[in-house]
K.L.:
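Attaching a single structure in structure tokens format; questions to follow.
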2 protein chains.
Amino acid sequence: MDDELKLKSQVCFPVYALSREIVNVYRPILEEIDLTYPQYLVMMVLWENEPQKVNEIGDKLNLDNGTITPLLKRMAAKGLISRKRNTKDERVVEISLTESGKQLQTKAAEVPQKVVKAMGITPEDLMQLKDLVVKILNRAK
Amino acid sequence: MDDELKLKSQVCFPVYALSREIVNVYRPILEEIDLTYPQYLVMMVLWENEPQKVNEIGDKLNLDNGTITPLLKRMAAKGLISRKRNTKDERVVEISLTESGKQLQTKAAEVPQKVVKAMGITPEDLMQLKDLVVKILNRAK
DNA sequence: TAAAATAAAATCGCACACGATATAATAGCG
DNA sequence: CGCTATTATATCGTGTGCGATTTTATTTTA
């Protein structure tokens, strides 16, 4: 059989597997603060700067609006964020944090350390991985 | 704001983004042979060795049976694979390739080159990425 | 300025992904 | 030998992801 068609020789499969593994590591840790991984990413984007438009958030996370719209709606239903139409341009929806969403940041502060610990890998490997992945991501787009 | 809670300083987000980017690169290429990325992975597992039990396939792809069972059913509905209960042990379902599934391998032979080309990255970077990711994956589990 | 083009969100349909639970069959053990 | 534990799949519910289409609002252009 063509070696190229073997799972072991594929690069893409390990990346796909690692990505799911990462989400699985986050799951129990984020469950304690009632967030999923994509929801946590949205919160990080908003903790950094707010309000932001729906598409600004989607662009930062590389998420299509078929994904981001229902994601934000679930987060609004949980009371983490609020959605307001921009009065100047009625097409735009501005996403802000609620008081509850702001307060969650304190609890979330422990997440990164917990994740590194749960993954059981060295910060050096993590940094090397990040640099390489970012390099490839930039070239791939 | 705590630097650790910034998207840019997170390692996990680039991996998650790259994984989705990879699937997006595969999508149009696999569309030509009417496969999704997870379906393509299953085919690779079966082209290498056949028949295999449901869980053998799931273990190789790190997929839960809540994922793998419906995935295999969709593939059976497409006529790519067949599902037979093992007569010795009626709990086991053996997955085999149909004639159509076997023949697909020829068409799939071009997929790896097409993907490398579409991603626009060097084989060296790819290999380096793979080694690093595999190393981390092994430690993380 | 009215019609066409564009832009921002939302909606729809389908395919994962996974935890939790259910179901059925076999294995193991007293 | 029957009863319990285990094993292999299947099922269910929820939450992504994404392409395609739709809706509404704004901008451009003839």
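For the numbers below, each heavy atom of this structure counts, side chains included, while hydrogens, waters and symmetry mates do not. Every chain is numbered from 1 and lettered A, B, ... according to where its sequence line falls, protein lines coming before strand lines.
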K.L.:
Taking OP1 and OP2 of C:dT11, is either one under 4.0 Å from a side-chain nitrogen or oxygen of A:Lys73?
P.N.:
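Result: yes.
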K.L.:
Is there a donor on the side chain of B:Arg91 or the base of D:dT7 sitting less than 3.5 Å from an acceptor on the other?
P.N.:
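Yes, a donor-acceptor pair under 3.5 Å.
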K.L.:
Determine: side-chain N/O of A:Tyr16 to OP1/OP2 of C:dA17, distance under 4.0 Å, yes or no.
P.N.:
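Indeed, a polar side-chain atom of A:Tyr16 lies that close.
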K.L.:
Please identify which of these residues, B:Lys84, B:Gln52, B:Lys53, B:Arg85, meets the side-chain contact (heavy atoms from CB on, under 4.5 Å) condition with B:Val93.
P.N.:
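Result for side-chain contact (heavy atoms from CB on, under 4.5 Å) with B:Val93: B:Arg85.
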K.L.:
Would you check if B:Ser100 and B:Leu80 make a side-chain contact, meaning some heavy-atom pair closer than 4.5 Å?
P.N.:
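Of all side-chain heavy-atom pairs linking B:Leu80 with B:Ser100, at least one is under 4.5 Å.
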K.L.:
Whole angstroms only, please: what is the CD1-P distance between A:Ile81 and C:dA9?
P.N.:
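After rounding, the gap between these two atoms is 13 Å.
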K.L.:
Return the value, rounded to whole Å, for the distance between atom CG of B:Leu61 and atom P of C:dA17.
P.N.:
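Distance, rounded to whole Å: 10 Å.
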K.L.:
Please determine whether a side-chain nitrogen or oxygen atom of A:Arg27 lies at a distance below 4.0 Å from atom OP1 or OP2 of C:dC18.
P.N.:
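It does not, given that no N or O in the side chain of A:Arg27 lies less than 4.0 Å from OP1 or OP2 of C:dC18.
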K.L.:
Using heavy atoms to find the nearest nucleotide of DNA chain D for A:Lys78 and A:Asp89 separately, return the residue whose nucleotide is more 5′.
P.N.:
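Its nearest nucleotide being more 5', the pick is A:Lys78.
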K.L.:
Starting from C1' on D:dA25, measure out to NZ on A:Lys53 and report it in whole angstrom.
P.N.:
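Nearest whole value for this atom pair: 13 Å.
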K.L.:
Quick check: any donor-acceptor pair below 3.5 Å linking the side-chain of A:Asn55 to the base of C:dA8?
P.N.:
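No pair found.
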K.L.:
Is there a salt bridge (Lys or Arg N to Asp or Glu O under 4.0 Å) between B:Glu32 and B:Lys114? Walk through the geometry before answering.
P.N.:
CA-CA 12 Å; B:Glu32 293 173 28; B:Lys114 284 186 184 171; 3.2 Å; yes
K.L.:
Just to be sure I understand the rule, does B:Thr67 reach a base, reach only the sugar-phosphate, or reach nothing, if contact means heavy atoms closer than 4.0 Å?
P.N.:
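If one applies the 4.0 Å heavy-atom cut-off, B:Thr67 turns out to touch a base.
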K.L.:
Would you say A:Thr36 reaches D:dT14's phosphate, i.e. side-chain N/O to OP1/OP2 under 4.0 Å?
P.N.:
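A:Thr36 to D:dT14 OP1/OP2: no side-chain N or O under 4.0 Å.
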K.L.:
Quick one: is D:dC18 close enough that its OP1 or OP2 comes under 4.0 Å of any side-chain N or O from B:Asn24?
P.N.:
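Indeed, a polar side-chain atom of B:Asn24 lies that close.
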K.L.:
Any heavy-atom pair between the side chains of B:Leu35 and B:Met43 that's under 4.5 Å?
P.N.:
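When only atoms from C-beta onward are counted, B:Leu35 and B:Met43 do touch, with a gap below 4.5 Å.
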K.L.:
Is B:Arg20 near enough to D:dC18 that one of its side-chain N or O atoms lies under 4.0 angstrom from OP1 or OP2?
P.N.:
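Yes.
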K.L.:
Which comes earlier along DNA chain C counting from the 5' end, the contact point of A:Glu31 or that of B:Leu71, where each point is its nearest nucleotide?
P.N.:
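The residue mapped nearer the 5' terminus is B:Leu71.
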K.L.:
Return the 5'-most residue of the pair A:Glu90, A:Gly66 with respect to DNA chain D, ranking by each residue's nearest nucleotide.
P.N.:
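The answer here is A:Gly66.
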K.L.:
For A:Lys117, is there an ion pair with A:Glu110 - N to carboxylate O distance below 4.0 angstrom?
P.N.:
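Result for this pair is no, no salt bridge flagged.
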